[in-house]
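To keep things clear, I will list the structure first and then write my remarks on it.
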Protein chains: 2
Amino acid sequence: MKMELGPIEKCISDVIHEDVVNKVKEKMHDEQIFYELAELFKVFGDSTRIKILWALDEAEMCVCDIASLLSMSQSAISHQLRVLRQANLVKNRKEGKVVYYSLSDEHVKLIFNQGLAHVNE
Amino acid sequence: MKMELGPIEKCISDVIHEDVVNKVKEKMHDEQIFYELAELFKVFGDSTRIKILWALDEAEMCVCDIASLLSMSQSAISHQLRVLRQANLVKNRKEGKVVYYSLSDEHVKLIFNQGLAHVNE
DNA sequence: TGAATACATGAGCGCATATTCATATAAAGC
DNA sequence: GCTTTATATGAATATGCGCTCATGTATTCA
């Protein structure tokens, strides 16, 4: 938000009343939240990760289980699990040399369902 | 899903029972839905588009209004509005030479709220 | 101790994408 | 008709990202 305004600035249309402008500007002021939201949805924006989450919604499983079920390499899955971990969407538990992954909270399902509702409208 | 399986294939862990495996495999069979879901979330995965949707949640407005409020070029906004249009997240209405945009349905808000719930947990 | 297995990770490649710039279209006013 | 304003869009560039390949770490077992 550090660009200088061009001639566009004088183009606030008449339907936009001043209170609306101020309200939106106030919302825009809190930039952090936009980046966090976008960052979260970016994680959902990949079919491999969607598949992983969808599988984990069915049962806790280890890395090689997921790789096998998705017919993808262990490395690819491991990389994606790291992304999901950093977004706090999955948690893991180590048992010997095997690492079991599972969903970390309920939000995943809820976000999915809203997404599905839109896709299937 | 067209890769040949390596030695990973023999690594289905013991916690995964056969019925779970079949259930997940059956879910994975319907590949289309994963791509559609990922495609939808990809649209939400950009802070500029998030800001646009957030602004439109407050009021219907034209392209230059949005550009002004977000301090971005008209071109950049126009490109992003096309993405949002193609995802059926916004609709538009032409009045003279001005094009007014607004949210196309309720899902946007709902998806946002679920995202926020996760971010603020 | 050495081999095998499960997982993580850094480098690199190829591809998608967000923005800018230049330009096109279209409506309004002179 | 000409100019200005609002919007759309194609090309180009720069950045980000997903996968592979190679390798590292940790655990188990012989």
Side-chain angles (χ1 to χ4, degrees), chain A residues 1-16 34-35 38-39 41-52 61-68 70-87 90-101, chain B residues 1-16 34-35 38-39 41-52 61-87 90 92-101:
Chain A
M1 308 282 274
K2 281 156 202 132
M3 293 181 47
E4 56 248 63
L5 291 174
I8 282 174
E9 188 164 20
K10 60 187 168 190
C11 156
I12 296 280
S13 76
D14 297 345
V15 263
I16 307 274
F34 296 112
Y35 287 107
E39 226 52 43
F41 286 123
K42 216 171 281 182
V43 177
F44 283 97
D46 176 80
S47 59
T48 297
R49 289 192 289 268
I50 292 273
K51 288 177 192 172
I52 293 175
M61 52 184 91
C62 68
V63 179
C64 66
D65 285 337
I66 302 172
S68 173
L70 269 60
S71 302
M72 291 182 66
S73 74
Q74 173 267 322
S75 180
I77 298 299
S78 206
H79 277 295
Q80 297 297 3
L81 282 171
R82 190 163 58 90
V83 176
L84 292 169
R85 237 185 302 135
Q86 287 169 345
V90 300
K91 58 175 188 277
N92 58 3
R93 145 182 97 81
K94 193 167 184 180
E95 195 172 290
K97 56 184 171 178
V98 182
V99 179
Y100 292 101
Y101 280 85
Chain B
M1 307 284 272
K2 282 157 203 129
M3 294 182 44
E4 57 249 61
L5 292 174
I8 282 175
E9 188 165 17
K10 59 187 169 191
C11 157
I12 296 281
S13 77
D14 296 344
V15 264
I16 306 274
F34 297 111
Y35 289 105
E39 226 51 43
F41 287 123
K42 215 170 286 182
V43 177
F44 283 96
D46 177 82
S47 59
T48 297
R49 289 191 291 266
I50 292 272
K51 288 176 192 170
I52 293 175
M61 51 184 90
C62 69
V63 180
C64 66
D65 286 337
I66 302 172
S68 173
L69 285 170
L70 270 58
S71 302
M72 291 182 66
S73 73
Q74 173 269 321
S75 180
I77 299 299
S78 204
H79 277 294
Q80 297 297 0
L81 282 171
R82 191 163 56 90
V83 176
L84 292 169
R85 238 185 301 135
Q86 287 169 344
V90 300
N92 58 4
R93 146 181 96 80
K94 193 166 183 180
E95 194 172 290
K97 54 184 172 177
V98 182
V99 180
Y100 292 101
Y101 281 84

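None of the values given here were measured: they were computed from a predicted structure. For the numbers below, each heavy atom of this structure counts, side chains included, while hydrogens, waters and symmetry mates do not. To find a chain, count down the sequence lines: A is the first, B the second, and so on, and within it residues start at 1.
With C/dA27, C/dC7, D/dT7 as the candidates, the nucleotide lying closest to the side chain of A/Val63 is C/dC7. When the nucleotides D/dT20, C/dT5, C/dT19 are ranked by their closest atom to the side chain of A/Ser73, D/dT20 comes out on top. In this structure, of D/dT20, C/dT19, C/dT17, it is C/dT17 that holds the atom nearest to the side chain of B/Lys42. In the set C/dC7, C/dT9, D/dT27, the nucleotide with an atom closest to the side chain of A/Cys64 is C/dC7. Checked against D/dT28, D/dT5, D/dT9, the side chain of B/Arg85 finds its nearest nucleotide in D/dT9. Nearest to the side-chain atoms of A/Lys97 among the listed nucleotides C/dT20, C/dA6, D/dT9 stands C/dA6.
Listed pair A/Gln74 / D/dT20 fails the phosphate criterion, with no side-chain N or O lying under 4.0 Å from OP1 or OP2. Phosphate contact (OP1/OP2 of C/dC7, side-chain N/O of A/Ser78, threshold under 4.0 Å): absent. Look at A/Tyr101 and you won't find any side-chain N or O under 4.0 angstrom from OP1 or OP2 of C/dA6. OP1 or OP2 of C/dA18 lies within a sub-4.0 Å distance of a side-chain N or O belonging to B/Arg49. For the OP1/OP2 pair of C/dT17 and a distance below 4.0 Å, the side-chain nitrogens and oxygens of B/Gln80 include no atom meeting the criterion. Between B/Thr48 and C/dT19 there is a side-chain polar atom (N or O) within less than 4.0 angstrom of OP1 or OP2.
Distance alone, capped at 3.5 Å, is enough to place a donor-acceptor pair between the A/Arg49 side chain and the A/Lys42 backbone.
Put simply, NZ on B/Lys51 is 13 Å from C1' on C/dT19, counting in whole angstrom units. With rounding to whole Å, B/Tyr100 atom OH is found 13 Å from D/dA8 atom P. Whole-Å rounding puts the A/Glu95 CD to D/dT27 P distance at 13 Å. A straight line from CD1 of A/Ile50 to P of D/dG18 spans 12 Å, rounded to a whole angstrom. Atom P of nucleotide C/dA18 and atom CD of A/Glu39 are separated by 13 Å, given to the nearest angstrom. Computed from coordinates, the A/Asp46 CG to D/dC17 P distance equals 11 Å when rounded to whole Å. The nearest whole Å value for the distance from the CD1 atom in B/Ile77 to the P atom in C/dA18 is 12 Å. Rounded to an integer number of Å, the gap from CG of A/Leu81 to C1' of C/dC7 is 10 Å.
In this structure, CG on A/Asp46 lies 12.5 Å from CZ on B/Phe41, to the nearest 0.5 angstrom. Between A/Gln74 atom CD and A/Asp65 atom CG the span is 12.5 Å, to the nearest 0.5 Å. Atoms CG and NZ, from A/Leu84 and A/Lys91 in turn, are 13.5 Å apart once rounded to the nearest 0.5 Å.
Stacking between A/His79 and C/dT9 is shown: the ring centroid lies under 5.5 Å from the centre of the six-membered base ring, and the planes differ by under 30°.
The one candidate from B/Leu70, B/Leu69, B/Ile66 that meets the side chain to side chain contact (heavy atoms under 4.5 Å, CB included) condition with B/Lys51 is B/Leu70.
The base of C/dT9 is paired with the side chain of A/Ser75 by a donor and an acceptor separated by under 3.5 Å.
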Problem set entry | Intermediate values then yes/no, side-chain contact (heavy atoms from CB on, under 4.5 Å), A/Tyr101 and A/Arg85 | CA-CA 9 Å; A/Tyr101 280 85; A/Arg85 237 185 302 135; 3.3 Å; yes

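Map A/Lys94 and B/Asn92 each onto its nearest nucleotide of DNA chain D; the residue landing nearer the 5' end is B/Asn92.
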